Amino acid sequence: MIKITLKDGSIKEVEKGISVIELARNISEGLARVATVAEVNGEIKDLRYCLEEDASVNILTFDSDLNGKKAYWHTTSHIMAQAVKRLFPEVKLAIGPSIDEGFYYDFDVEKPFTDEDKEKIEEEMKKIIKENLPIERFSLPREEAIALMKKMDEPYKVELIEDLPEGEEISFYSQGEFTDLCAGPHLESTGKVKAIKILSSSSAYWRGSEKNKMLQRIYAISFPKTSSLEEHLKLLEEARERDHRKIGKELDLFMTHQLVGSGLPMYLPKGATIRRILERYIQDKEVKMGYNHVYTPSLANVELYKTSGHWDHYKEDMFPVMKMENEEMVLRPMNCPHHMLIYKNKMHSYRDLPIRIGELAHDFRYEASGNVCGLERVREMCQNDAHLFVRPDQIKEEFKKVVELILSVYKDFGFTDYTFRLSLRDKFDKEKYFDDDEMWNSAESQLREILTELNLNFYEAEGEAAFYGPKLDVQIKTALGHDVTISTCQLDFLLPRRFELKYIGEDGKEHTPVVIHRAILGTFDRFLSFLIEETKGAFPIWLAPVQVKVLPITDAHLDYANKVKEELEKIGARVEVDSRNEKIGYKIREAQLEKVPYMLVVGEKEIEENTVGVRSRAGGDIGAVKLQEFVDKVSKEVKNYTK
RNA sequence: GCUACUAUAGCUCAGUUGGUAGAGUGCUACCUUGGUAAGGUAGAGGUCACGGGUUCAAUUCCCGUUAGUAGCUCCA
C-alpha cells in the first residue's frame, strides 16, 4: 500500500501500481490539478514513476515545490492557446507542454507570428488572467472525444486522441470559451497566474519529425510574483553574458571567417595557448595510465568506412568522396577504424591486453548548417580519443578506470554541474542499431551493472546509443541551454568483429577482444566552449593565456618591469608587460577585463624596495610583496594542473 | 537540412520613407609622467557581406549565394 499525504494534510491509502489518473479519481478530484510531482520517502519525484513501490507519498503544491511549477506553466500554456485562438481563430492547436523552464505551445498557422503578434498575444493572455476563468476538468469516451475535436476543427487533437492507448482516460480542461485536450494538471482558475512573459518564437516539426509539417512554437514563462519573473529574466541575461562565442571574441580566443567556412573556427594565440595546455594536460594523464599515443592520417580510403559500417550510417554527414586516379578518399569522421588497424598490425597475446591507443585526432563531419554553433558544434574537430582493446574479463576494470579518469579531470577543473547518462539503443529502431538482440542485451546489462557498482548517479536514455554499442555519456548544459555530451565511454562488441580483431587466449585459441571507445575532454573545441562558459573567461591560473601582467606606472619603470617579466619567465610563467603610455588605472582596467590572474604594479616605490605591487583578479589590491617572494609563490600555481 | 530573423568602420551599434553614411570604443600621432577599473586633442579607417534584378538613381526594394542568430531535426 502507498500512503498519500494530500496538500490539505489528510492521509489516504491506495494500492501500489495505481496510475496517476486512477489516483486522481479514487482519492480526490482535484489531485491531478495539484501536482504530478511528489515527495517520495524524502525525495522529489515525478509521481508517475513512484506509484509502483511501497512508499509514503507527499503531494506537493506549487508553493512548496519547484516542480509544482509544471502545473502552473501548463495552465499558462492553455491561457496562451486561448489568447491565440481569440486573436487568430483559424489557427490549429498542436501541443503545449511545460518544460524545464516555462512552457511552449505549437500552432499550425499560415504566417509565422511577428513581434507585434506576440505583443498582442501577451496582452490577450493578461486579459484572460484578469477574467479569472474557472478551470473545469471533464473526460469523454474515445468516440465522443474525437467527435468533439472534429467539431472544433482541431485535426492535431484528433490525431493525438486516436493514438492514445486503449483504456486511457481522455480528459479535457475548459476555461471560458476555450477547451483543450489535456491530461493535466492545472490550477483552479486562470487568475492564479500572475506574471507572464513571452520569451521567443520559433518553429518545430509536428511530433518532432522532420517528415512532418513545421509548426510555429511560442516559448513563454510565468510566475506567481513579478519579482520572480524579473529574477528569471536576469538569469537569462547572465547566461547570455556567459556565451562562449561572446567571451571568445572579447578575450581574443578564437575567430571564424566567411571565407574559411561555417563551423571552422580558428584559434587565436590566446585560445591556442589554452588548447596547448589542455592537450599536454590530458596526454600526460593518459601516459601515466598506460595509454600509447599514435598519429594517424585525417584522410582514408572510403573502403575503410564501408568495412566499419560507418559509411552506411553516416555517409550523408561526411564530406563528399574525393575521386582520385584509382581510389576514393574521404576526410575521416572518426578514428576508430584507424585504431582498429593499428591493433591488427600485430598478433596479440591475452597477456598484452588491455592495449590502450590514444590520439588527439582531427575529424571532419558535415554538420547541417543549422546545427553549427561556435566551438560547441563544428565541422572540423579535434578529439581526445582513445580505444581500449580488452579481454571480456577486463571490461569492468578498464571501464572503471575510464570513469575514474573522467571524475579526476572534472575535479581538476572544479566542474560539478554534469550528469551521467546511460545511453541505450532504441529496441525498435532496427535500421540505426546493429540487429543482434543478444549482443545488445549483454552489453547494456554489463554497462548498467558497472555503473551501479561504481555507485554513479546516472539516468537512462533510450535511442541515444551508438550504432555499435551502449555508452556512458557525461552531459552538461551550455549557457544557451543545450544539453551536450562532453565525455563519453562506449562499449563495443561489433567493430572488433567487423575488423576481425583477434588475440590468442590462454587456451592457445583465437578470441575476439572487446573495444572501449572513450573521449575524456570529448573534443578540445567543445571542451573549451564549456570551460569558457563555466569560468566566464576567468580561467584557472594554470590555463590562463596570460598569467601575470606587469604594469609600469610610467616609462621610467619599464626596465624594472621587464626584469620582473624575465624573473617570472624563468619559472615558466606566461607574462606580459603593458608598456603603453597610459595611466595606471587604465592599464589595470584593461588587465582586469582580460581576466589576467595577477597584475603587478611597478613604480618608484617597488624599484627601490625590489618589490611588486600585487593585484589579483579576484581579490583586488593585495599590496607590496618582495619580487622573489612573489616568484616563489606563483612558481607552483602557474604549472600545476589544479584549480 | 527546415521555419523565421539578421548582415553598415577592427568591435558594439545608430541611420537613410531610394539621391553612396554616423556614434561610442579600438587604432595612429601629439600633449599629459600619471599609484590600483576609462586624462586630453587631432587623424586615419566604410564598393553599407557577395552576385543578379527593378529604377534616371540601390546601402535602402525584389531574387539568389555566403555567413550569423533562435528553435526544430540530426549528432559515430
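A quick note: this is a predicted structure, and the numbers were derived from the prediction, not measured. Just so it is clear: chains get the letters A, B, ... in the order the sequence lines come, proteins before strands, and each one is counted from 1.
The phosphate of B:rU12 (OP1 or OP2) has no side-chain N or O of A:Lys246 nearer than 4.0 angstrom. Contact annotation: A:Ser203 side-chain N/O to B:rC72 OP1/OP2 distance is not under 4.0 Å. A sub-4.0 Å separation between OP1 or OP2 of B:rA37 and a side-chain N or O of A:Lys583 is absent. Side-chain nitrogen and oxygen atoms of A:His313 include none within less than 4.0 Å of the OP1 or OP2 phosphate oxygen of B:rC75. For the pair A:Lys249 and B:rU12, the criterion of a side-chain N or O lying under 4.0 Å from OP1 or OP2 is met.
Using a 4.0 Å heavy-atom criterion, one finds that A:Tyr205 contacts the bases of the nucleic acid, with or without backbone contacts as well. Residue A:Ala368 is in base contact, counting any heavy-atom pair closer than 4.0 Å across all strands shown. Residue contacts for A:Pro112: at a heavy-atom cut-off of 4.0 Å it reaches the sugar-phosphate backbone alone, with no base atom in range. Contact annotation for A:Ile588: base contact, defined as any heavy-atom pair under 4.0 Å involving a base atom. Using a 4.0 Å heavy-atom criterion, one finds that A:Tyr468 contacts the sugar-phosphate atoms exclusively. Residue contacts shown for A:Phe113 are absent, as no nucleic acid heavy atom lies under 4.0 Å away. Contact annotation for A:Gln216: backbone-only contact, meaning every heavy-atom pair under 4.0 Å involves sugar-phosphate atoms and none involves a base. Within 4.0 Å (heavy atoms only), A:Gly585 reaches sugar-phosphate atoms of the nucleic acid but no base atom. Within 4.0 Å (heavy atoms only), A:His482 reaches sugar-phosphate atoms of the nucleic acid but no base atom. A:Asp363 comes within 4.0 angstrom of no nucleic acid atom, judged by non-hydrogen atoms across all strands. The residue A:Gly309 sits apart from the nucleic acid: no heavy atom pair falls under 4.0 Å. In this structure, A:Lys111 reaches neither bases nor backbone, as no heavy-atom distance under 4.0 Å exists between it and the strands shown. Within 4.0 Å (heavy atoms only), A:Lys315 reaches no atom of the nucleic acid at all. Looking at heavy-atom distances under 4.0 Å, A:Leu551 makes no contact with the nucleic acid at all.
By the 4.0 Å N-to-carboxylate-O rule, A:Lys120 lies too far from A:Glu116 to be salt-bridged with it. A salt bridge links A:Lys118 with A:Asp115: the closest approach of a Lys/Arg side-chain nitrogen to an acidic carboxylate oxygen falls below 4.0 angstrom. With respect to A:Lys213 and A:Asp108, a salt bridge is recorded, a charged nitrogen being found less than 4.0 Å from a carboxylate O. With respect to A:Asp436 and A:Lys430, no salt bridge is recorded, no charged nitrogen being found less than 4.0 Å from a carboxylate O. One finds a salt bridge joining A:Arg217 and A:Asp106 here, because a Lys/Arg side-chain nitrogen approaches an Asp/Glu carboxylate oxygen to under 4.0 Å. Residues A:Lys626 and A:Glu609 are not paired through a salt bridge, judged by the lack of any N-O separation under 4.0 Å between the basic side chain and the carboxylate. With respect to the salt-bridge test (charged N to carboxylate O, under 4.0 angstrom), the residues A:Lys605 and A:Glu608 do not qualify. Salt bridge absent: A:Lys477 and A:Asp483 never bring a charged side-chain N and a carboxylate O closer than 4.0 Å.
Atom CZ in A:Arg207 sits roughly 24 Å away from atom P in B:rG71 (whole-Å rounding). Going from atom CZ of A:Arg379 over to atom P of B:rA67 covers 7 Å, rounded to whole Å. Distance A:Phe319 CZ to B:rG1 P: 12 Å, rounded to the nearest Å. Going from atom CG of A:Asp483 over to atom P of B:rC74 covers 14 Å, rounded to whole Å. In this structure, A:His310 places its NE2 atom 19 Å from P of B:rC74, rounding to the nearest Å.
When distances are taken from the side chain of A:Ser202 to each of B:rU36, B:rA76, B:rG71, the shortest belongs to B:rG71. You'll find that the side chain of A:Ser262 is closest to B:rG68, out of B:rA37, B:rG68, B:rU3. The side chain of A:Arg245 has B:rU69 as its nearest neighbour among B:rU69, B:rA76, B:rG35. Closest contact between the side chain of A:Asp621 and the listed nucleotides B:rA76, B:rG35, B:rU36 involves B:rU36. Side-chain proximity of A:Arg377 to B:rC72, B:rA38, B:rC75: nearest is B:rC75. Checked against B:rA76, B:rC72, B:rA37, the side chain of A:Arg217 finds its nearest nucleotide in B:rC72. Of the candidate nucleotides B:rC2, B:rA37, B:rA76, B:rA37 has the atom nearest to the side chain of A:Arg589. Here B:rU33 is the nucleotide among B:rU36, B:rU33, B:rA70 with the atom lying nearest to any side-chain atom of A:Asn581. Of the candidate nucleotides B:rA76, B:rG39, B:rU12, B:rG39 has the atom lying nearest to any side-chain atom of A:Tyr586. In the set B:rG35, B:rU3, B:rC27, B:rG35 carries the atom at the smallest distance from any side-chain atom of A:Val601.
Nearest-nucleotide assignment on RNA chain B puts the 5′-proximal partner with A:Val602, out of A:Val602 and A:Met334. The nearest heavy atom of RNA chain B to A:Asp317 and to A:Gly620 marks one nucleotide each, and the one closer to the 5' end goes with A:Gly620.
In this structure, A:Phe467 forms no aromatic stack with the base of B:rA76, since the conditions of centre separation below 5.5 Å and plane angle below 30° are not both met.
For the atom pair A:His257 NE2 and A:Met266 CE, the distance stands at 7.0 Å (nearest 0.5 Å).
Helical stems in RNA chain B, defined as runs of 3 or more consecutive Watson-Crick or G-U wobble pairs with both donor-acceptor distances under 3.5 Å, are listed by first residue as B:1-7 with B:66-72, B:10-13 with B:22-25, B:27-31 with B:39-43, B:49-53 with B:61-65.
Under the side chain to side chain donor-acceptor pair (under 3.5 Å) criterion, the residue pairs touching residues 259-271 of chain A are A:Tyr267-A:Asp525, with sequence neighbours excluded.
Applying the ring pair (Phe, Tyr, Trp, His ring centres under 6.0 Å) criterion to A:Tyr156, with sequence neighbours excluded, gives A:Trp206.
Judged by atom type and distance alone, A:Asn371 does not reach the base of B:rC75 through any side-chain donor-acceptor pair under 3.5 Å.
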